[in-house]
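Read the structure below first, then the notes.
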Amino acid sequence: GPKTQTEPPTVPVSKIYTTKVYPLGECHDYINENTWRTTSEEKRAEERPKEDDYNDVRRAAEVHRQVRAYARKIIKPGMTMTEIAELIENGTRALVEENGMESGIGFPTGLSINHCAAHYTPNAGDKVVLQYDDVLKVDFGVHVNGRIVDSAFTLNFNPKFDKLVEAAREATYAGIKEAGIDVRLCDIGAAVHEVYDSYEIELDGKTYDIKPIRNLNGHTIEPYKIHGGKSIPIIRDSGDETKLEEGEQLAIETFCSTGRGYVVEDGECSHYARSTDSGFVPLRLARAKSLLATINKSFGTLPFCRRYLDRLGEEKYLMGLRNLVDAGVVTAYPPLVDTKGSYTAQLEHTLLLRPTCKEIVSKGDDY
Ligand SMILES: COc1ccc(Cn2nnc3c2[C@](C)(O)CC[C@@H]3OC(=O)NC(C)C)cc1
Ligand SMILES: [Co+2]
């Protein structure tokens with residue numbers, strides 16, 4: 001009979017959607033000079049050969065919704081970062097029916113706290129425990145045949161942070177509303193910045209402007225490539241008149257901060273990815289060679305973290321990893337932090353600029 005999801009989530013979405021056709025995201029008509037696309041027979045014809053790809057993205061999005069519903073309910077102060085990462089990753093692997101490079105985790109589970117905005121996930125032995133006064137960004141990905149759904153939300157337990165979390169949500173929604181075929185990237189940045197200008201927060205008697213983090217961006221997504229090459233600004237005056245194009249897949253994410261509104265790399269690295277522009281690099285060290293073989297086989301160009309190497313049985317790999325980074329074959333992505341004592345928030349959805357409509361594939365009843 002029709003199976004429903006368990007708690008914790010263990011039932012693959014393919015056993016729930018037995019027709020193997022997955023639910024649409026939230027579809028919006030284009031505005032301005034693109035309103036004709038909604039009813040264009042030519043554009044509908046263009047979409048038909050892409051239905052399998054759209055269905056792959058929608059299956060990944062359904063996994064994301066069901067895993068995050070459980071995560072949003074269960075994550076509480078007192079849990080360790082490792083416990084939180086594993087509950088999200090176990091749920092993702094089960095619901096997407098992880099299978100080599102055909103389906104699985106899209107990139108490491110981001111669990112950045114407070115002044116850390118992105119690219120933190122626990123390494124083995126991490127003892128960090130979530131606190132009541134923490135602001136936690138949960139940024140995780142699911143892929144089916146390399147079609148990655150990248151979506152993130154922010155959790156706070158102390159209601160004093162509600163305004164910060166609301167600002168990120170409203171600013172990302174404004175960015176999503178502005179995005180569309182032939183829309184200039186600088187116009188999206190301006191629409192996002194406009195919302196942030198209207199937010200401030202009072203924390204412990206002091207008032208802070210809520211600022212966009214000017215060197216973090218949304219991005220296009222391509223098959224097996226989390227960063228497709230276009231960066232989508234979240235500030236005004238970026239001057240980038242590049243336009244979004246029909247058929248592109250976007251991660252619209254905005255970040256805000258009570259600090260400087262600028263992040264730098266700091267702390268122990270957990271996130272890595274095969275460099276996309278390295279070409280052939282001769283490697284002498286045997287350890288580096290065997291590690292690269294594991295990376296190519298298990299991740300390809302998908303980002304990974306140290307814990308994923310641990311679970312594959314790799315040991316004493318840090319020197320080999322350093323060699324690969326020094327040789328330019330692998331890129332390290334250390335945590336991105338604003339000033340100590342500041343607080344950052346994020347909200348992110350994945351969108352498809354389909355020929356006939358803008359589909360927010362990762363939309364749920366939670367955000
Ligand atoms: C190596 O593991 C990953 C995992 C996810 C991504 C996806 N992404 N691509 N760029 C970014 C992201 C994140 C993780 O969403 C966070 C924001 C970041 O924006 C940004 O502008 N970054 C620098 C250019 C400063 C990238 C790599
Ligand atoms: Co993300």
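In each ligand, atom 1 is the first atom listed, and ligand 1 is the first ligand listed.
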Quick one: which ligand 1 atoms are inside 4.0 Å of a heavy atom on N215? 21 (O), 25 (C)
Let me see the working for D338 and S257 under side-chain hydrogen bond (donor to acceptor under 3.5 Å, both in side chains), right down to the final yes or no. CA-CA 8 Å; D338 199 327; S257 178; 2.7 Å; yes
So is R58 actually on top of Y17's ring, under 6.0 Å and inside 45° of the axis? no
Below 4.0 angstrom from a heavy atom of D139, which ligand 1 atoms are there? Numbered from 1 as shown, please. 15 (O)
Does even one non-hydrogen atom of F255 get within less than 4.0 Å of ligand 1? yes
When distances are taken from atom 1 (C) of ligand 1, the protein heavy atom at minimum range is Y333 CD1, 3.2 Å
Is it true that R44 and E47 make a salt bridge, defined as a side-chain N closer than 4.0 Å to a carboxylate O? no
Using a strict 4.0 Å threshold on nitrogen-to-oxygen distance, state whether E41 and R48 make a salt bridge. yes
Indicate the ring-plane relationship of H119 and Y333, choosing parallel, tilted or perpendicular according to the 30° and 60° boundaries. perpendicular
So does D139 have any N/O/S atom less than 2.8 Å away from the Co ion (ligand 2)? yes
Quick one: look at I226 and ligand 1, take heavy-atom pairs under 4.0 Å, and tell me if it's side chain, backbone, both or neither. side chain
Closest non-hydrogen protein atom to atom 2 (O) of ligand 1, residue and atom name please, with distance? P303 CB, 3.2 Å
Applied to residues 282-294, the side chain to side chain donor-acceptor pair (under 3.5 Å) test, sequence neighbours excluded, yields R287-S290, R287-E314, T294-E314
Among non-hydrogen protein atoms, atom 24 (C) of ligand 1 lies closest to N217 ND2, 4.4 Å
Going by the closest heavy atom to atom 20 (C) of ligand 1, which one wins out of V264, L216, T121, V330? L216
As a check for students: among H227, H119, H271, identify the option with a heavy atom nearest to atom 27 (C) of ligand 1. H119
Applying side chain to side chain donor-acceptor pair (under 3.5 Å), name anything that partners T121, two or more places apart in sequence or on another chain. R307
Give a yes-or-no answer on whether the side chains of S275 and T331 include a donor-acceptor pair shorter than 3.5 Å. yes
If you consider just the N/O/S atoms, which atom of D150 is the closest one to the Co ion (ligand 2)? OD1
What heavy-atom pair brings Y224 and T301 nearest, and what distance separates the two atoms? O-OG1, 2.6 Å
Quick one: which ligand 1 atoms are inside 4.0 Å of a heavy atom on H219? 7 (C), 8 (N), 9 (N)
In E348, the N, O or S atom nearest to the Co ion (ligand 2) is which? OE1
State the atoms of ligand 1, each with its element, that fall below the 4.0 Å cut-off from a heavy-atom position in A118. 16 (C)
